[in-house]
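For ligands, and for the atoms within them, numbers begin at 1 and follow the listed sequence.
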Amino acid sequence: MPPRSRYPQSERLFAHAARILPGGVDSPVRAFRSVGATPLFVTRASGARIEDADGHTYIDYVMSWGPLIHGHAPRGLIKALGDAAKRGTSFGAPTELETRLAHRVAMLMPTIERVRFVSSGTEAAMSALRVARAATRRDKIVKFEGCYHGHADSFLVQAGSGATTLGVPTSPGVPAAVAADTLLARYNDLESVERVVAAHDGQIAAVIVEPIAGNMGVVPPADGFLQGLRALCDREGMLLIFDEVISGFRAAAGGAQQIVGVRPDLTCLGKIIGGGLPVGAYGGRAEIMELVAPAGPVYQAGTLSGNPLAMTAGLWCLMELSPKLYRHLAKLGARLAAGLADAARAAAVPLQVNAFGSVLTPFFTSQPVRDYQSALTADTRAYGTFFRGMLARGIYPPPSQFEAWFLSGAHSQKDVDKTVKAAYAAMKEIST
Ligand SMILES: *Cc1c(COP(=O)(O)O)cnc(C)c1O
């Protein structure tokens, strides 16, 4: 007789879902395909804990893929949302909440002189690209292998994480003509950008980059890389777009740009800016953003853009950011990174832990990971074994080797220590 599954309810719900939702999910990486498991169906979550349909609880490191910097369902947020919902869930007319959130964003990120709210990171990046093309009257863009900027056509070329794990670097359905305007360079390799720029002199509107890459797993920028991009963009009349959908309000309250001291022309935001509700935003220099309709001719709109519930969640989330929170996250991040590395060493499993503050990725490889090529040397089967072992011990890591682990203010040192203890056991299952 086969061993009884630990997850009968999740399996039943997933089978039902797969008959009506393609692949049983609404976003591919949720399907757990690359880790050889059935997705957990979630019933509830609170703080750093998440509960599945079979009644197991886990310390959560997915954290909705980044937005939940204050943990699941913080009390203040739930109250603010309840109060807002009583006043109405959507008006399709301006509210003061949008102006307030915009000022908060601009205060935290001074390069954002004007901002437009949208409903996802995908929308933020595709709209920023449209403005960049309008501002420069050029069509081509440079993106980096392994960086992800949402699922708009122009960006679905070597796009990391979901796409990487599935082995579909480019999606069918993206017109060849659109993909042809997307030029690829290598992350942390300025010379590769120079080469692309030289080959397309005067045709490139913008360079878009995750200033701290998170979608091929965490890969921090090498010294001078972002500064070099800034200088190159200035020299060539290209705009520099920072996609801070993950790093914004996470690497620091002012995002990666605050830490590295590089000023992008445009910034894309998402995830934390909505505090767990669907919000994205793009913004930057006033003269560029004033091209956006109705101030200017670049059309971009949204029925639920600036939605009052979403703005309320974003405001609550950004008002709660504090130096104390970032100190806590940095401490936990360092402890978790060191603990995972120790656990691997004890089991003689090759591992490289890339960490930046409260995000990290344990790459199952002996090679330092500084770009997409080196990320791909990771042993995804080993990660799958590790993942299933962690799950069985009450820890919920991201279900893909090429995703970031996210910490929140709700995680404690005890949670991290429990996670490391589980990792010691799970690593042994790889080496045996
Ligand atoms: C998640 C992500 C996006 C896309 O955001 P969605 O809200 O999923 O559309 C874009 N860029 C980066 C860097 C991301 O991590």
Side-chain angles (χ1 to χ4, degrees), residues 25-31 61-69 109 116-130 132 141-165 171 182 187 206-221 226 240-251 255-257 264 266-284 300 302 304-307 310 313-314 317 354 356-361 372 375 398-400 402-406:
V25 292
D26 280 312
S27 196
V29 75
R30 295 180 196 168
Y61 291 98
V62 177
M63 298 309 286
S64 188
W65 306 95
L68 307 181
I69 196 164
M109 290 186 183
R116 164 62 59 86
F117 292 111
V118 291
S119 299
S120 70
T122 294
E123 269 187 277
M126 64 186 248
S127 309
L129 176 57
R130 185 175 299 148
I141 55 158
V142 175
K143 83 171 276 289
F144 293 91
E145 294 165 354
C147 280
Y148 179 65
H149 306 294
H151 64 83
D153 284 352
S154 295
F155 300 120
L156 273 192
V157 183
Q158 301 256 328
S161 52
T164 297
T165 316
S171 170
T182 301
Y187 198 75
V207 175
I208 185 167
V209 65
E210 289 179 75
I212 299 165
N215 286 289
M216 48 181 140
V218 174
V219 179
L226 299 170
L240 180 60
I241 307 176
F242 274 7
D243 183 344
E244 296 229 41
V245 169
I246 288 180
S247 57
F249 317 111
R250 180 167 286 279
Q257 54 193 269
L266 293 170
T267 299
C268 308
L269 298 168
K271 300 193 170 120
I272 289 177
I273 197 176
L277 270 77
V279 183
Y282 62 106
Q300 187 273 304
L304 292 176
S305 296
N307 171 269
C317 183
N354 280 9
F356 198 110
S358 61
V359 291
L360 60 83
T361 299
Y372 189 53
S400 160
F402 305 106
E403 297 285 358
W405 296 41
F406 291 99

List ligand 1's nitrogen or oxygen atoms that come under 3.5 Å of a protein nitrogen or oxygen, with the partner atom and distance.
residue, atom, partner, partner atom, Å
ligand 1, 5 (O), Gly121, N, 3.4
ligand 1, 7 (O), Gly121, N, 2.8
ligand 1, 9 (O), Gly121, N, 3.4
ligand 1, 9 (O), Thr122, N, 2.8
ligand 1, 9 (O), Thr122, OG1, 2.6
ligand 1, 11 (N), Tyr148, O, 3.2
ligand 1, 11 (N), Asp243, OD1, 3.3
ligand 1, 11 (N), Asp243, OD2, 2.7
ligand 1, 15 (O), Asn215, ND2, 3.1
ligand 1, 15 (O), Lys271, NZ, 2.6

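Atom OH of Tyr282 and atom CD1 of Ile241 lie 11.0 Å apart (nearest 0.5 Å). With rounding to the nearest 0.5 Å, the separation of CG in Asp243 from CG in Leu129 is 11.5 Å.
Using the six-membered ring where Trp is involved, Tyr61 and Trp405 have ring planes that are tilted, between 30° and 60° apart.
No hydrogens or angles considered: nothing links the side chains of Gln300 and Arg130 as a donor-acceptor pair under 3.5 Å.
Of all heavy-atom pairs spanning Glu210 and Cys147, the tightest one is OE2-CA, 3.2 Å.
For Phe406, there are no ring pair (Phe, Tyr, Trp, His ring centres under 6.0 Å) partners two or more places apart in sequence or in a different chain.
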